[in-house]
Number of protein chains: 2
Amino acid sequence: MKTDHRSPCPISSFLDLWGDRWTLIIIRDMLVGKRRFSDLEAGNERVPASILANRMKQLTELGVAKRVQYSERPPRYEYHLTDKGKALRPVLIAMSNWSEENLDDRWHTPDWFREGRGAPGRN
Amino acid sequence: MKTDHRSPCPISSFLDLWGDRWTLIIIRDMLVGKRRFSDLEAGNERVPASILANRMKQLTELGVAKRVQYSERPPRYEYHLTDKGKALRPVLIAMSNWSEENLDDRWHTPDWFREGRGAPGRN
DNA sequence: ACAGTAACTTTCAAATTGAAAGTTTGATTC
DNA sequence: GAATCAAACTTTCAATTTGAAAGTTACTGT
């Protein structure tokens with residue numbers, strides 16, 4: 001994915017980084033409390049593994065997630081959101097609001113998500 | 001562009017519709033007050049005409065914009081945002097906030113945009 | 001030895017992007 | 001009245017991106 005900036009506009013710059021169909025879905029799942037590749041892969045929308053790997057690399061390079069080893073042997077890694085990543089939550093909430101008000105039959109966004117927490121038991 | 005829903009989640013549904021690099025830039029320009037194809041095409045980020053035409057059709061089909069004739073001869077059309085389209089402004093403001101807080105050297109979003117207006121003289 | 005698990009990587013056909021040039025409908029200028 | 005201009009698209013096509021499926025690596029557990 002190209003991530004360089006088309007203009008100094010903060011909106012277009014945001015879209016240069018996050019303007020695709022998968023990245024913010026991954027962020028959503030991480031805000032909910034998912035950390036592992038297999039967990040993220042198994043989400044509701046079925047991100048293809050090739051895209052997930054690609055995006056995790058990008059998230060890491062951009063400082064929105066950190067790759068952390070959680071097992072020595074076998075070597076295994078998980079991802080933690082940084083503050084920069086956690087700061088994306090208001091954008092996702094604004095998107096939710098629009099969808100709930102303008103599309104039919106969408107799930108209602110849980111209060112714990114709107115209030116800044118992860119899923120109960122995951123957080 | 002595919003626009004069908006991957007799941008009933010309001011966030012993923014939002015991204016099914018608006019998750020690409022151009023659509024929300026077009027919405028931004030329309031919120032600022034641009035209505036004509038040539039105006040939108042000449043924006044800061046240079047949307048390719050083929051993509052712009054494609055997206056305007058999509059915006060129209062999804063009820064976010066309306067195609068309105070403004071000249072009989074020669075026949076000429078412009079686009080007006082509907083309430084559904086205007087309701088996207090808070091999402092763009094949330095994106096702006098994130099970029100201004102987390103990226104370097106971005107433009108500052110004008111107050112009239114944050115306050116729900118178009119560019120002075122355009123609105 | 002053999003199956004299982006987690007985190008990826010590879011492959012490749014199909015879909016999307018975007019730069020450039022072309023089309024349509026008429027108004028205006030030479 | 002022929003040529004130029006203008007606005008709103010449409011077409012073309014090479015290059016990039018997507019995503020389904022299968023494969024790889026580094027182990028653990030039976």
Side-chain angles (χ1 to χ4, degrees), chain A residues 1-7 12 15-26 29-30 33-62 65-81 122, chain B residues 1-7 12 15-26 29-30 33-62 65-81 122:
Chain A
M1 264 229 311
K2 277 207 293 185
T3 55
D4 47 305
H5 298 311
R6 283 168 290 184
S7 92
S12 81
L15 294 169
D16 289 331
L17 301 180
W18 318 122
D20 78 305
R21 289 163 54 73
W22 289 112
T23 311
L24 291 178
I25 286 188
I26 296 167
D29 282 348
M30 295 186 76
K34 295 185 184 176
R35 289 157 161 25
R36 309 226 167 136
F37 195 95
S38 53
D39 262 7
L40 293 164
E41 201 181 356
N44 237 301
E45 293 83 8
R46 286 23 263 316
V47 203
S50 51
I51 293 192
L52 180 56
N54 179 292
R55 293 303 191 276
M56 293 322 291
K57 193 169 296 175
Q58 195 198 326
L59 292 178
T60 303
E61 283 167 7
L62 292 170
K66 256 186 98 167
R67 191 163 174 269
V68 177
Q69 188 160 20
Y70 70 88
S71 155
E72 286 277 0
R73 28 200 37 260
R76 292 282 143 84
Y77 301 87
E78 61 180 17
Y79 299 90
H80 295 180
L81 274 185
R122 279 205 110 109
Chain B
M1 264 229 313
K2 276 208 293 185
T3 55
D4 46 307
H5 298 312
R6 284 168 290 184
S7 91
S12 81
L15 294 168
D16 289 332
L17 300 181
W18 317 122
D20 78 306
R21 290 163 52 75
W22 290 112
T23 312
L24 291 178
I25 287 189
I26 297 168
D29 283 347
M30 293 186 76
K34 296 184 182 176
R35 291 157 159 24
R36 309 225 167 137
F37 195 94
S38 54
D39 262 7
L40 293 165
E41 201 180 357
N44 238 300
E45 293 84 6
R46 284 27 259 318
V47 204
S50 51
I51 293 191
L52 181 56
N54 179 293
R55 293 303 189 276
M56 294 322 291
K57 193 168 297 176
Q58 195 198 327
L59 292 178
T60 303
E61 284 167 8
L62 292 170
K66 256 187 99 167
R67 190 161 175 271
V68 177
Q69 187 158 22
Y70 70 87
S71 155
E72 287 275 1
R73 24 201 43 262
R76 292 283 142 86
Y77 300 87
E78 61 181 14
Y79 299 90
H80 294 181
L81 274 184
R122 279 206 109 108

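Chain letters run A, B, ... following the sequence lines, proteins first and then strands; every chain starts at 1.
For the pair B:W22 and C:dT17, the criterion of a side-chain N or O lying under 4.0 Å from OP1 or OP2 is not met. Between A:R55 and D:dT17 there is no side-chain N or O to OP1 or OP2 distance below 4.0 Å. Distances shown here put every side-chain N or O of B:Y79 at or beyond 4.0 Å from the OP1 or OP2 atom of D:dA7. For C:dA6, the OP1/OP2 oxygens have no side-chain nitrogen or oxygen of A:Y70 closer than 4.0 Å. Residue A:R73 places at least one side-chain N or O closer than 4.0 Å to OP1 or OP2 of D:dC27. Close to D:dT10, at under 4.0 Å from its OP1 or OP2, lies no side-chain N or O of B:S50.
In terms of heavy-atom proximity, A:W22 sits nearest to A:R46 at CH2-O, 3.8 Å. The two residues B:L15 and B:R6 have their closest heavy-atom pair at CB-NH2, 3.9 Å. B:M30 approaches B:A65 most closely through the heavy-atom pair CE-CB, 4.3 Å.
A:E72 places its CD atom 13 Å from the C1' atom of D:dC27, with the value rounded to the nearest Å. Rounded to whole angstrom, the span from the CD atom of B:E78 across to the C1' atom of D:dA7 amounts to 12 Å. Taking atom CD of residue B:E41 and atom P of nucleotide D:dA7, one finds them 10 Å apart after rounding to whole Å. For the pair B:Q69 CD and C:dG26 P, the computed distance is 11 Å after rounding to whole Å. Look at CG on B:L52: it is 17 Å from P on C:dA20, rounded to the nearest Å. Atom CG in A:N54 sits roughly 13 Å away from atom C1' in C:dT10 (whole-Å rounding). Spacing between atom CE of A:M56 and atom C1' of C:dC8 amounts to 12 Å, rounded to whole angstrom units. Taking atom CD of A:E45 as the reference point, atom P of D:dG19 lies 12 Å away to the nearest angstrom.
Using a 4.0 Å heavy-atom distance criterion, B:R67 is classed as a sugar-phosphate-only contact.
Nearest to the side-chain atoms of B:M1 among the listed nucleotides D:dC9, C:dG18, C:dT17 stands C:dT17. Side-chain proximity of A:P48 to D:dT10, D:dG19, C:dC8: nearest is D:dG19. When distances run from any side-chain atom of B:P74 to the nucleotides C:dT9, C:dA27, D:dA7, the shortest one goes to C:dA27. Comparing atom distances between the A:Y77 side chain and each of D:dC9, C:dG26, C:dC8 picks out C:dC8 as nearest. Closest approach to the A:K2 side chain among D:dT17, D:dA20, C:dT9 is made by D:dT17 (side chain taken as heavy atoms from C-beta onward).
Within the cation-pi definition used here (under 6.0 Å to the ring centroid, within 45° of the axis), A:R36 qualifies as a partner of A:Y70.
For A:R76 and C:dA7, a side-chain-to-base donor-acceptor distance below 3.5 Å is absent, hydrogens and geometry of angles not being considered.
When A:K66, A:R35, A:K34, A:R67 are each tested for a side-chain contact (heavy atoms from CB on, under 4.5 Å) with A:E78, only one passes: A:R35.
The environment of CD in A:Q69 is crowded: more than 12 heavy-atom neighbours from other residues, nucleotides or ligands sit within 6.0 Å.
When the nearest nucleotides of DNA chain D are assigned to B:F37 and A:R21 by heavy-atom distance, the more 5′-ward of the two goes with B:F37.
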